[in-house]
2 protein chains.
Amino acid sequence: MVKGGKAVAGRSGRPRVGEERLSRDAILQAALRIVDDEGLDAMTMRRLAATLGVNPMSIYHHLPNKAAVVAGLAELVFAELNNSTPPTGESWQEELLGAANAYRNALRAHPNLAFQVLADAAAVSDVVVVTVEPFYRALDRAGLAPRDIFEAVNTLIDFIHGFSLGEASVRAETFELAPDLVDRVSKLKPGQAPTLIRIVDELGADGLHYEFDDGFAIGLSVFVAGIAARFGL
Amino acid sequence: MVKGGKAVAGRSGRPRVGEERLSRDAILQAALRIVDDEGLDAMTMRRLAATLGVNPMSIYHHLPNKAAVVAGLAELVFAELNNSTPPTGESWQEELLGAANAYRNALRAHPNLAFQVLADAAAVSDVVVVTVEPFYRALDRAGLAPRDIFEAVNTLIDFIHGFSLGEASVRAETFELAPDLVDRVSKLKPGQAPTLIRIVDELGADGLHYEFDDGFAIGLSVFVAGIAARFGL
DNA sequence: ACCTGAACACCGTTCAAGT
DNA sequence: ACCTGAACACCGTTCAAGT
C-alpha cells in the first residue's frame, strides 16, 4: 500500500520513556482486529506493522516471531472466556450446560481464529488450564470421582472443539441442508451409501433444516445423559 | 536445493502421448508424502515440483492452485477410510464403536493433515458424505428415528473431530500429565481454580497417566450411553 | 532498550513462449 | 495440451546500524 512512497517521516531510534509506541498488548490487539476483519491469512507481520505505523522489524522486539503473535491471539480468546461471569445453575446439569455454552461462545466470538485456538488448546498455557474450572466444579458438585471428572471433562471439551470447528468452517449460523446434503446424496451411486440415502430421503420430506444452536443443545443433552448413565448418577 | 545449478536438462514442451510425467494423482501422492514426512508447511508448490522433477508451473496444469492440492489431500484421507472394510458387530453399539474407531484411525494415519482434513470436512465433498454411512447404518439398526440419527451422528462425529484434533496436536500417544498438568496447576494462584486444583491433587496420588486409546474408548462409552438414554433405547 | 533499513532466502501465481 | 522460464508481488526473519 505504502509501496512506492518514501517511509512516513517517523523518527527512528529509541523513544523517550512513556513514549513507546509499541507493546505486546497493542500488537496483539491490532493483530486480533486484522484477523477478525480479514482472516488469519491477512495478518502478516508486514501488514501488522503497517497498521501500527511502525517498521516490520519493531514487532520482533516485543514478540519473538509470528508464531508467538498467533499463540498470543489464542491466549486472548481464552482470557476473554476466563473474564466472563462463571456459570451457575440450580443443578449440576445446568451448571455444566452453562460452562459449555460459555466455552462455545468464546470460540464463536472469533471464528477466524477458532482453528488456531483449537490447535493451541493442546499446547496448553496457564490461561487455558484455568478455563476448565467451571466444568470441574459442575461435575464435582455432581459427585463424580476425580478420575471420572477428568475423563468426562476431556470428552465434553472434545465435543465442543469438534462442534466449534464445524461451526467456524461454515459462514451462516443456519443453513438449509436440502440443497447441500440432499442434493449431494441424491447424486451418489445407489450402492455406496444405502442407509444414508434412505434416511436423508425420509428427512427430506420434513425439509432438512439445521440450526447450530439446536445441534449444540442436543449434543450436550446426549452428553449429560451419557455422564449420568456411564458414571452412575 | 537445486538453487544455483542450471535446470536439469529435461526436454520442455508437450510430452508424447503415454509419456506424461504428471497427473493429478501423482502430484497428490507426492504431496502426501511430503506432508507426512515433514509437515504441511514443508509442502510448497516449488518443493513439490522439485520432488516430481518438474517445473513449479507444471503443477498448475493439473490442479488450479495450492488450495486445490491441499483439498485433494484431505479427500485422499477420506477415500482411504471409505476403502477400509466396513465395521460389523453383534449389536448396534459394537457396530457404532467400529465405525468410530475406523474414522479415528483414518485421521490418525496422517496427523500432519488432520487439521486440514477437519477443516475441509465441513466444506463437504462426495467422499466425505459417504464416510458417514456406517454411522447411519448402526443407528438405523438401533431403531432411531431419522432425525435422531442425523443429530446423533453429528454429535458423535463432532466428538471424534475434537478428540482427533487434540491427538494430532500432541506427539506421543501416551503422555504423563504429571509434569505437565500437575506442575502447571500447582503454579496457579489458589483462588483461580480451586476445584481443578483439588481434583488434580487427589488424582496426583494415583499418578496422572493418560492414554489416548482409553480416553477415546471412555468418550465413546459416554456417547453410547447418552444416545441410548436420550433417544429412549 | 527500542526502532529502522537494507538484504536474504524464500513464497504462490501470471503471463508469454516453447513443442 | 502440456511443460518451461522469467518475472511480479509478496512473505518471515537476520543483521548491522542508528539514538
Side-chain angles (χ1 to χ4, degrees), chain A residues 1-28 30-31 34-35 38-73 112 116, chain B residues 1-28 30-31 34-35 38-73 112 116:
Chain A
M1 174 210 296
V2 201
K3 219 5 219 352
K6 64 170 57 175
V8 202
R11 308 135 308 161
S12 76
R14 182 184 190 186
R16 283 195 279 283
V17 227
E19 203 185 287
E20 287 84 4
R21 275 171 294 181
L22 242 41
S23 67
R24 190 188 124 98
D25 201 64
I27 293 169
L28 290 180
I34 297 176
V35 173
E38 307 174 46
L40 197 55
D41 286 347
M43 203 279 284
T44 68
M45 295 300 267
R46 295 172 119 105
R47 173 87 153 69
L48 182 52
T51 74
L52 286 163
V54 118
N55 184 288
M57 292 317 302
S58 304
I59 296 170
Y60 288 83
H61 290 275
H62 301 268
L63 290 144
N65 50 40
K66 186 178 180 177
V69 175
V70 179
L73 291 182
N112 293 338
Q116 193 56 48
Chain B
M1 174 211 296
V2 200
K3 217 12 217 350
K6 66 171 56 175
V8 200
R11 307 136 307 158
S12 75
R14 181 182 189 190
R16 283 194 280 282
V17 227
E19 205 185 285
E20 287 83 4
R21 273 170 295 181
L22 241 42
S23 67
R24 192 188 123 98
D25 200 64
I27 293 170
L28 291 180
I34 297 176
V35 172
E38 307 174 44
L40 196 55
D41 286 346
M43 203 279 283
T44 68
M45 294 300 268
R46 294 171 118 104
R47 174 86 153 70
L48 181 54
T51 75
L52 287 163
V54 119
N55 185 286
M57 291 317 302
S58 303
I59 296 170
Y60 288 84
H61 290 276
H62 301 268
L63 290 145
N65 50 39
K66 186 178 180 177
V69 176
V70 179
L73 292 182
N112 293 337
Q116 193 56 47

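Within every chain, numbering begins at 1; the chains are lettered A, B, ... in the order of the sequence lines, protein sequences first and strands thereafter. Model, not experiment: these values are computed from the prediction.
Set against C:dT13, D:dT4, C:dA6, the side chain of B:Val54 has D:dT4 as its closest nucleotide. Residue B:Thr44 places its side chain closer to C:dG12 than to any other of C:dG12, D:dC3, D:dG5. Listed nucleotides: D:dC3, C:dT13, C:dC2. Nearest to the side chain of B:Met45: C:dT13. Closest to the side chain of B:Met57, from the set C:dC11, D:dT4, D:dT14, is D:dT4. Distances were taken from every side-chain heavy atom of B:Ser58 (C-beta onward) to each of D:dC3, C:dT13, C:dA7; the shortest belongs to D:dC3. Across C:dC3, D:dT13, C:dG12, the shortest atom-to-atom separation from the side chain of A:Tyr60 is found for D:dT13.
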Inset, instruction - Quick one: the dot-bracket string of DNA chain C, using Watson-Crick and G-U wobble pairs with both distances under 3.5 Å, [ ] for crossing pairs and | for bases paired to another strand. - result: ||.|||||...|||||.||

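Not counting sequence neighbours, the partners of B:Arg47 by the side-chain hydrogen bond (donor to acceptor under 3.5 Å, both in side chains) test are B:Glu38. With sequence neighbours excluded, no residue forms a side-chain hydrogen bond (donor to acceptor under 3.5 Å, both in side chains) with A:Arg24. Contacts of A:Ala71 classified as side chain to side chain contact (heavy atoms under 4.5 Å, CB included), with partners at least two apart in sequence or in another chain: A:Asp120.
Note: CG (B:Leu40) to C1' (C:dC11) measures 14 Å, nearest angstrom. When rounded to the nearest whole Å, the span between NE2 of A:His61 and C1' of D:dT14 equals 11 Å.
Taking CG of A:Asn112 as the start and CD1 of A:Ile34 as the end, the distance is 12.0 Å to the nearest 0.5 Å. Distance CE/A:Met43 to OG1/A:Thr51: 10.0 Å, rounded to 0.5 Å.
Within residues 64-73 of chain B, the residues approaching DNA chain C are B:Asn65, B:Lys66, by heavy-atom distance under 4.0 Å.
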If you look only at distance, which donor and acceptor atoms sit under 3.5 Å apart when one is on a side chain in residues 53-62 of chain A and the other is two or more places apart or in another chain?
residue, atom, partner, partner atom, Å
A:Asn55, OD1, A:Met57, N, 2.8
A:Ser58, OG, A:Asn55, O, 3.2

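Taking 4.5 Å as the limit, some side-chain heavy atom of A:Met45 sits within range of a side-chain heavy atom of A:Val69.
OP1 or OP2 of D:dC3 lies within a sub-4.0 Å distance of a side-chain N or O belonging to B:His62.
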